[in-house]
Peer 1: 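Below you'll find the structure I mean.
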Amino acid sequence: MWNLHQVLLFTVVTLNVIIKCVHVLEFCQKGESACQGPNVFPSPRMWTTSMLNLTHNLDHFRVSCEKFKGTFPLDHVRGNFIRTVKNCIFSQSSPTPLKGPLRLAAVSKDVLEGLLDLDIAVIGSDQFPQYVSGGKLFAGSEPLAHRYGGHQFGYWAGQLGDGRAHLLGHYTNRKGETWELQLKGSGKTPYSRSGDGRAVVRSSVREFLCSEAMYYLGVPTSRAASLVVSEEPVWRDRFYDGNVKMERGAVVLRLAKSWFRIGSLEVLSQSGELDLLRKLLNFVIAEHFPSIHSDQPDKYLAFYGTALNETAHLMAQWASLGFAHGVCNTDNFSLLSITLDYGPFGFMEAYDPDFVANASDEEGRYSVGAQAHAGLFNMEKLLQALGPLLSALQQEAAETVLKKFSGVYQSRLEQLFQAKLGLLGHSAQDQHLVHSLLQMMADTRADFTMTFRELSETSAENLRRGNLTQAWALQDLASHPRFSHWLHSYLLRLGRQTRDKDEDRQARMKSVNPRYVLRNWMAESAIRSAEKNDFSQVSLLHDILTQPFVTQAQAEQEGYAHKAPGWARGLKVSCSS
Ligand code: AMP
Ligand code: MG
């Protein structure tokens, strides 16, 4: 039986929920300027989370920029005009509000509630689209644009910086985690060079969906809280073929524990600003590498070793999912080894190490199979940036660390592929088993994601009998002349895992081999609807990709685990965004 206190609490919470639902629905009926896409509102199942302790009023949500402003000198010049900036890490820069009615195209409840302690009902406030697109600033926000440089496609590109992003500040949540909030597409800054400071709908939908999808795949990544679409005209030559078209501006509110990149250090090192280089590095270590002590004499070396190790692991994880980032320049590589700056990325379909996601990358520098090399190159550039802070001995030690990159990558990749095949322990032929499978996949162009998934979903008995009727990718693979031989070796290897039940093997494999990844055609289809202000597919994909390892009826209906539809042949994505 409930006591009076429990009854009262239940009544208050229920009323609270009902009032909020009504408020949200009323708001939706207000008309064009306030109307949001379908499926953005929390479904009843989403209301079960406790509403207690969450911030209900956006005006009470507070961020801070003190950590940055108190530590680093700021660019003393004000105004969003393009310039070369020296002797600072940030410039103060205000977002330029988007024009026209704003539509809230998508939100991540997990990010709002789980990372920002915001009650999901805040999305019903007519202020919300303003707050998350730069039209209104959260309390405490003093927006900053970060000065960084970078090596782009192998060459030093000089000053780059946040040309269309604004750091709003950081927020420490009730779990004690500190997240940095950044708007992307929020207007010009001193670093905009020839750009307009904007991001279009298609690239923003892709960033929103993929950063969240990667999180649920278990990959270290930035997160996305919301996506706002405007009526602001933005002109883009989507394929750099002279066909300039009007698109619309959009803004993603994204979060990371830190947005610092290799290029953040490079720009300081290249311009000889060594005191600032030391200051930034000390800050990054103190804030984000708790196992490294500030008075440790080899702390920069320890930082380098950790960054190298984690970057090698990240490259292996990308490879194990067939994910190609598309633009592995040093300005897009995080000092915390998280995936960031989603642009012309892609998940490969048919297995092909030469798969290039970015149509602008004509040489295939950043093909899926070349990413480890790009990671190594970027680690060389990180070492070059740290060079002025290292003694001769430390430099030598760091070079030895650098030489370990390929080994670290390789052994992590082997572990991941062993897990993808459900192999326990270690056997001498495991690598051969993996390599011959990949070779057959390359020869037959079998789908990378689904081959592994279907091996996970098919019982050993059905594999033995060649019963692959439900497995379209395995059917492609089975056309290979060496398939039966390979299958025989694989089943023998599984058979030697004497204490492993086949259901356990399947469950283990299903937990690492996703059934759904954000294939280009899926994103493109959602984008085409979003361009017409129908955000239901964005919302559906977002929802489905939060459980990429679980078979879901609606995803099956939509064909998300099937072969790409015919219309998707020849789809391309470029750097234009
Ligand atoms: P990305 O390829 O998006 O990583 O961008 C590379 C650099 O170009 C970064 O410094 C961006 O801030 C800048 N950039 C890209 N697009 C724009 C734009 N539309 N306006 C201003 N800067 C941009
Ligand atoms: Mg970038």
Side-chain angles (χ1 to χ4, degrees), residues 80-85 89-91 93-96 98 134 143-167 180 182-208 210-211 221-222 224 230 232-238 240 244-252 254 256 258-264 266-267 270 324-336 338-346 357-361 365-366 374 378 381 573-577:
N80 286 330
F81 63 92
I82 286 91
R83 57 188 181 267
T84 302
V85 179
I89 307 287
F90 293 104
S91 298
S93 169
S94 298
T96 308
L98 284 167
L144 301 169
H146 173 40
R147 169 191 173 217
Y148 60 80
H151 276 85
Q152 297 193 314
F153 291 89
Y155 297 97
W156 175 242
Q159 176 181 298
L160 298 167
D162 289 333
R164 51 174 169 171
H166 290 89
L167 181 64
E180 295 178 6
Q182 194 190 66
L183 300 175
K184 180 166 174 181
S186 42
K188 283 191 184 173
T189 76
Y191 307 99
S192 296
R193 299 179 294 150
S194 56
D196 54 11
R198 292 303 186 197
V200 291
V201 174
R202 59 188 156 80
S203 63
S204 307
V205 166
R206 285 167 55 84
E207 169 135 17
F208 177 86
C210 200
S211 45
T221 178
S222 60
S230 77
E232 177 154 336
V234 176
W235 296 89
R236 287 288 182 272
D237 183 349
R238 191 167 170 179
Y240 303 112
V244 178
K245 281 206 171 130
M246 194 181 88
E247 301 189 41
R248 287 183 298 158
V251 167
V252 172
R254 52 186 201 168
S258 166
W259 288 102
F260 288 127
R261 302 128 196 277
I262 294 177
S264 307
E266 279 182 298
V267 76
Q270 292 266 351
H325 177 284
V327 196
C328 299
N329 295 334
T330 55
D331 51 303
N332 290 336
F333 261 49
S334 151
L335 290 178
L336 270 53
I338 61 169
T339 313
L340 50 80
D341 281 14
Y342 290 86
F345 63 84
N358 175 6
S360 317
D361 179 10
R365 181 182 172 87
Y366 299 138
N378 291 347
K381 295 301 160 199
V573 280
S574 75
C575 276
S576 157
S577 58

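The first residue in the sequence is number 1, and the count goes up from there. First listed ligand is number 1; within each ligand, the first listed atom is number 1.
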Peer 1: Looking at Arg198, which atoms of ligand 1 are within less than 4.0 Å of one of its heavy atoms?
Peer 2: 19 (N)

Peer 1: With a cut-off of 4.0 Å, which atoms of ligand 1 are near a heavy atom of Arg236?
Peer 2: 19 (N)

Peer 1: For atom 21 (C) of ligand 1, what is the closest protein heavy atom, and at what distance to 0.1 Å?
Peer 2: Gly163 O, 3.1 Å

Peer 1: Check whether any side-chain N or O of Ser186 sits under 3.5 Å from a backbone N or O of Ala165 as a donor-acceptor pair, and report yes or no.
Peer 2: no

Peer 1: For Val327, is at least one N or O under 3.5 Å away from an N or O on ligand 1?
Peer 2: no

Peer 1: Can you tell me how far CZ of Phe333 sits from OG1 of Thr339, rounded to the nearest 0.5 angstrom?
Peer 2: 8.5 Å

Peer 1: What protein heavy atom sits nearest atom 11 (C) of ligand 1, and how far away is it?
Peer 2: Gly161 O, 3.9 Å

Peer 1: Checking Tyr191 against Ser91: is there a side-chain donor and acceptor pair closer than 3.5 Å?
Peer 2: yes

Peer 1: Is there a donor-acceptor contact under 3.5 Å linking the side chains of Arg164 and Ser577?
Peer 2: yes

Peer 1: Say whether Asp196, considering both its backbone and side-chain N or O atoms, lies within less than 3.5 Å of an N or O atom on ligand 1.
Peer 2: yes

Peer 1: Side chains of His166 and Ser93: donor-acceptor distance under 3.5 Å anywhere?
Peer 2: yes

Peer 1: If you scan the protein for heavy atoms around atom 2 (O) of ligand 1, do you find one that is closer than 4.0 Å?
Peer 2: no

Peer 1: Quick one, Phe345 with Arg206, criterion side-chain contact (heavy atoms from CB on, under 4.5 Å). Give me CA distance, side-chain angles, the key distance, then yes/no.
Peer 2: CA-CA 9 Å; Phe345 63 84; Arg206 285 167 55 84; 3.6 Å; yes

Peer 1: Residues two or more places apart in sequence or in another chain: which of them pass side-chain contact (heavy atoms from CB on, under 4.5 Å) with Ser192?
Peer 2: Ile82, Lys188, Thr189

Peer 1: Give a yes or no answer on whether the side chain of Tyr240 reaches the backbone of Ser576 with a donor-acceptor pair at less than 3.5 Å.
Peer 2: yes

Peer 1: Mind checking whether Gly195 has an N or O less than 3.5 Å away from an N or O of ligand 1?
Peer 2: no

Peer 1: Hey, is Lys188 touching ligand 1 through its side chain, its backbone, both or neither, going by heavy atoms under 4.0 Å?
Peer 2: neither

Peer 1: Quiz question: by atom type and distance under 3.5 Å, do the side chains of Arg254 and Ser204 form a donor-acceptor pair?
Peer 2: no

Peer 1: Around atom 13 (C) of ligand 1, find the nearest protein heavy atom and jot down its residue, atom name and distance.
Peer 2: Arg193 NH2, 3.5 Å

Peer 1: Would Arg236 and Asp196 count as a salt bridge (Lys or Arg N to Asp or Glu O under 4.0 Å) here? Give the steps.
Peer 2: CA-CA 10 Å; Arg236 287 288 182 272; Asp196 54 11; 2.7 Å; yes

Peer 1: Counting only non-hydrogen atoms of the protein, does one fall under 4.0 Å from atom 5 (O) of ligand 1?
Peer 2: no

Peer 1: Please name all residues satisfying side-chain hydrogen bond (donor to acceptor under 3.5 Å, both in side chains) with Thr330, sequence neighbours left out, ordered by chain then number.
Peer 2: Glu266

Peer 1: Which residue and atom name correspond to the protein heavy atom nearest atom 20 (N) of ligand 1, and how close is it?
Peer 2: Gly197 N, 2.9 Å

Peer 1: Within 4.0 Å of atom 16 (N) of ligand 1 (strictly less), any protein heavy atom?
Peer 2: yes

Peer 1: Is there any N or O on Tyr191 that sits under 3.5 Å from an N or O of ligand 1?
Peer 2: no

Peer 1: Quick one: sort the Tyr148 and His146 rings into parallel, tilted or perpendicular, breaks at 30° and 60°.
Peer 2: tilted

Peer 1: With atoms numbered from 1 as shown, which atoms in ligand 1 lie under 4.0 angstrom from a non-hydrogen atom of Tyr148?
Peer 2: 9 (C), 10 (O)

Peer 1: I'd like to check whether Arg164 has a polar contact with ligand 1, where a contact means an N/O of the residue lying under 3.5 Å from an N/O of the ligand.
Peer 2: yes

Peer 1: Quick one: look at Leu160 and ligand 1, take heavy-atom pairs under 4.0 Å, and tell me if it's side chain, backbone, both or neither.
Peer 2: both

Peer 1: Give the numbers and elements of all ligand 1 atoms closer than 4.0 Å to a heavy atom of Asp341.
Peer 2: 4 (O)

Peer 1: For the OG1 atom of Thr96 and the CG atom of Leu183, what is their distance to the nearest 0.5 Å?
Peer 2: 11.0 Å

Peer 1: Hey, what's the ring geometry for Phe90 with Phe260, parallel, tilted or perpendicular (30° and 60° as the breaks)?
Peer 2: tilted

Peer 1: Decide whether an N or O pair under 3.5 Å exists between Asn332 and ligand 1.
Peer 2: yes

Peer 1: Does only the side chain of Gln159 get under 4.0 Å from ligand 1, or the backbone, or both, or neither? Count heavy atoms.
Peer 2: neither

Peer 1: Going by side-chain hydrogen bond (donor to acceptor under 3.5 Å, both in side chains), name the residues that satisfy it together with Arg147, two or more places apart in sequence or in a different chain.
Peer 2: Glu273

Peer 1: Around the Mg ion (ligand 2), list the protein N/O/S atoms within a radius below 2.8 Å, excluding water molecules.
Peer 2: Asn332 OD1, Asp341 OD2

